[in-house]
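Data first, discussion second: the structure below is written as structure tokens.
Since this is a predicted model, take the numbers as computed values, not measurements.
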Amino acid sequence: MAKIAPSILSADFANLQRDIEDIAANGGDWVHVDVMDGLFVPNITIGIPVVKALRSVTALPLDVHLMIDRPIRYVEDFIKAGADWLTVHVEADTAENTLAALEKIRSLGCKAAISLKPGTPAESALPFLHLCDMILVMTVEPGFGGQKFMADMMDKLRHLRRILDTHNPGCILEVDGGVDSTTCAVCKENGAEVLVAGSAYFGAPDRKAFVQIIQS
Ligand code: DX5
Ligand code: ZN
């Protein structure tokens, strides 16, 4: 069964507690938190104090997606704030610093993940696989919710699953961007085990039914 991680980027920020509690009530698996710094991506969202506040109102795993420059500077703060899964982008720093960030995440008892932007090839993940619990394949350009799903990322997803089966079979795949009740099917067929959905989840007329479609 696939997992759904609703992205709070599309939540009502004036009613975050209500919307987070609603994710659990609807059977959602994880809460996806998009952190943007206005530098790595052309948008600014939320940071460490908000993750801490979310931690106090949900028992669901917090899946924190760092879209920030040189994330190693902040991994410890996000883990202390309550992240259960912490994702860094391979494009956001040198390979050496990305390796160090992943090691630090794991040493602090958190699950570690890397993310690949649409233009980044699957092979870019190779140096990091041994330190990853998850790989996040972006199916839109990071920065904004509500963009169109890039179906041409499915080859990369399938390719990564094959690589992982050889090098790190326990590592899971997550997709993020443009996932809805239609596009979820091809993601799951190609190996995605966790599906992030922002606008489609929060815009669904029946969120519980939407969760079940993604999970089925
Ligand atoms: C985009 C974010 C996504 C975003 C997805 O940079 O990483 O998590 O919230 O939003 P939708 O599901 O609307 O594409
Ligand atoms: Zn995200």
Side-chain angles (χ1 to χ4, degrees), residues 1-11 19-20 22-34 41 58 60-65 67 84-85 87 89-90 111 113-125 129 132-216:
M1 194 173 97
K3 286 185 166 56
I4 178 169
S7 164
I8 60 161
L9 193 57
S10 296
D19 280 1
I20 298 289
D22 190 55
I23 291 173
N26 289 324
D29 298 291
W30 297 357
V31 176
H32 186 81
V33 183
D34 288 305
V41 289
T58 186
L60 291 179
L62 293 178
D63 173 30
V64 179
H65 178 191
M67 285 161 277
D84 298 285
W85 291 78
T87 300
H89 268 266
V90 297
K111 298 285 191 186
I114 52 167
S115 181
L116 308 180
K117 288 165 70 171
T120 304
E123 288 70 24
S124 304
L129 294 183
C132 288
D133 299 293
M134 180 168 79
I135 298 180
L136 167 53
V137 175
M138 292 302 302
T139 41
V140 297
E141 284 298 336
F144 299 93
Q147 301 181 75
K148 191 175 180 303
F149 178 77
M150 298 169 76
D152 50 344
M153 292 300 114
M154 295 301 100
D155 284 350
K156 179 156 85 178
L157 194 60
R158 210 169 46 246
H159 186 37
L160 276 166
R161 185 65 264 166
R162 279 200 300 265
I163 293 174
L164 287 172
D165 287 344
T166 308
H167 293 96
N168 185 356
C171 184
I172 60 174
L173 287 171
E174 180 178 51
V175 288
D176 183 6
V179 174
D180 61 23
S181 55
T182 306
T183 58
C184 67
V186 74
C187 295
K188 290 183 275 187
E189 278 163 29
N190 286 288
E193 290 170 74
V194 184
L195 288 77
V196 176
S199 49
Y201 168 81
F202 283 100
D206 182 342
R207 291 178 184 167
K208 201 170 265 184
F210 179 78
V211 164
Q212 285 167 3
I213 290 169
I214 301 289
Q215 290 171 334
S216 66

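In this structure, Leu136 CG and Ile172 CD1 are separated by 10.5 Å, a value rounded to the nearest 0.5 Å. Here the SG-CG distance, from Cys171 to Leu129, works out to 6.5 Å after rounding to the nearest 0.5 Å. Atom CG in Leu9 sits 7.0 Å away from atom CE in Met67 (nearest 0.5 Å). Atom-to-atom distance recorded for Ile8:CD1 and Phe202:CZ is 7.5 Å, nearest 0.5 angstrom. Between atom OG of residue Ser181 and atom CD1 of residue Ile214 there is a gap of 7.0 Å, rounded to the nearest 0.5 Å. With values rounded to the nearest 0.5 angstrom, Cys187 atom SG is found 11.0 Å from Glu174 atom CD.
Between the side chain of His167 and the backbone N or O of Ile163, at least one donor-acceptor pair lies under 3.5 Å. A donor-acceptor pair is defined here as one N or O able to donate and one able to accept, closer than 3.5 Å; no such pair exists between the side chain of Asp176 and the backbone of Met138. At least one donor-acceptor pair closer than 3.5 Å links the side chain of Thr183 to the backbone N or O of Gly178.
Each side-chain hydrogen bond (donor to acceptor under 3.5 Å, both in side chains) pair with one or both residues in residues 202-216, not counting sequence neighbours, appears once here: Asp22-Arg207, Asp29-Gln215. Judged as a salt bridge (charged side-chain N to carboxylate O under 4.0 Å, His left out), not a single pair has a partner in residues 115-124 (not counting sequence neighbours).
The number of heavy atoms from other shown groups lying within 6.0 Å of NZ (Lys156) is above 12. Summarising the local packing, NZ of Lys111 is surrounded by 12 or fewer heavy atoms from other residues, nucleotides or ligands at distances under 6.0 Å.
Legend: residues meeting salt bridge (charged side-chain N to carboxylate O under 4.0 Å, His left out) with Arg162, ordered by chain and number and at least two apart, are absent. Residues forming a salt bridge (charged side-chain N to carboxylate O under 4.0 Å, His left out) with Asp133 (at least two apart in sequence, or on another chain): Arg106. Under the side chain to side chain donor-acceptor pair (under 3.5 Å) criterion, Asp19 pairs with no residue at all, not counting sequence neighbours. Here Thr87 pairs with nothing under the side chain to side chain donor-acceptor pair (under 3.5 Å) rule; sequence neighbours left out. Taking the side chain to side chain donor-acceptor pair (under 3.5 Å) definition, one finds that Thr120 meets it with Glu91, sequence neighbours left out. Taking the side chain to side chain contact (heavy atoms under 4.5 Å, CB included) definition, one finds that Asn190 meets it with Met154, Leu157, Arg158, Val186, sequence neighbours left out. Partners of Glu189 under the side chain to side chain donor-acceptor pair (under 3.5 Å) rule, at least two apart in sequence or in another chain, do not exist in this structure. With sequence neighbours excluded, no residue forms a salt bridge (charged side-chain N to carboxylate O under 4.0 Å, His left out) with Asp180.
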Checklist entry - So Ile23 and Thr58, side chain to side chain contact (heavy atoms under 4.5 Å, CB included) or not? Walk me through it. => result CA-CA 9 Å; Ile23 291 173; Thr58 186; over 6 Å; no
Please list, one pair per line, the donor and acceptor atoms closer than 3.5 Å that link side chains of residues 145-153 to other protein atoms, with sequence neighbours excluded.
from: Gln147; atom 1: NE2; to: Glu141; atom 2: O; distance (Å): 2.8
from: Gln147; atom 1: NE2; to: Phe144; atom 2: O; distance (Å): 2.9

Report all side-chain donor-acceptor pairs from residues 192-201 shorter than 3.5 Å, counting only partners two or more places apart or in another chain.
from: Glu193; atom 1: OE2; to: Arg161; atom 2: NH1; distance (Å): 3.4
from: Tyr201; atom 1: OH; to: Asn26; atom 2: ND2; distance (Å): 3.0

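Residues Gly28 and Val211 come closest through the heavy atom pair N-CG1, 4.1 Å. Nearest heavy-atom pair, Ala125 versus Ile135, reported as atom, atom and distance to 0.1 Å: CB-CD1, 4.2 Å.
Inspection of the His32 and Asp34 side chains reveals an N or O donor paired with an N or O acceptor under 3.5 Å.
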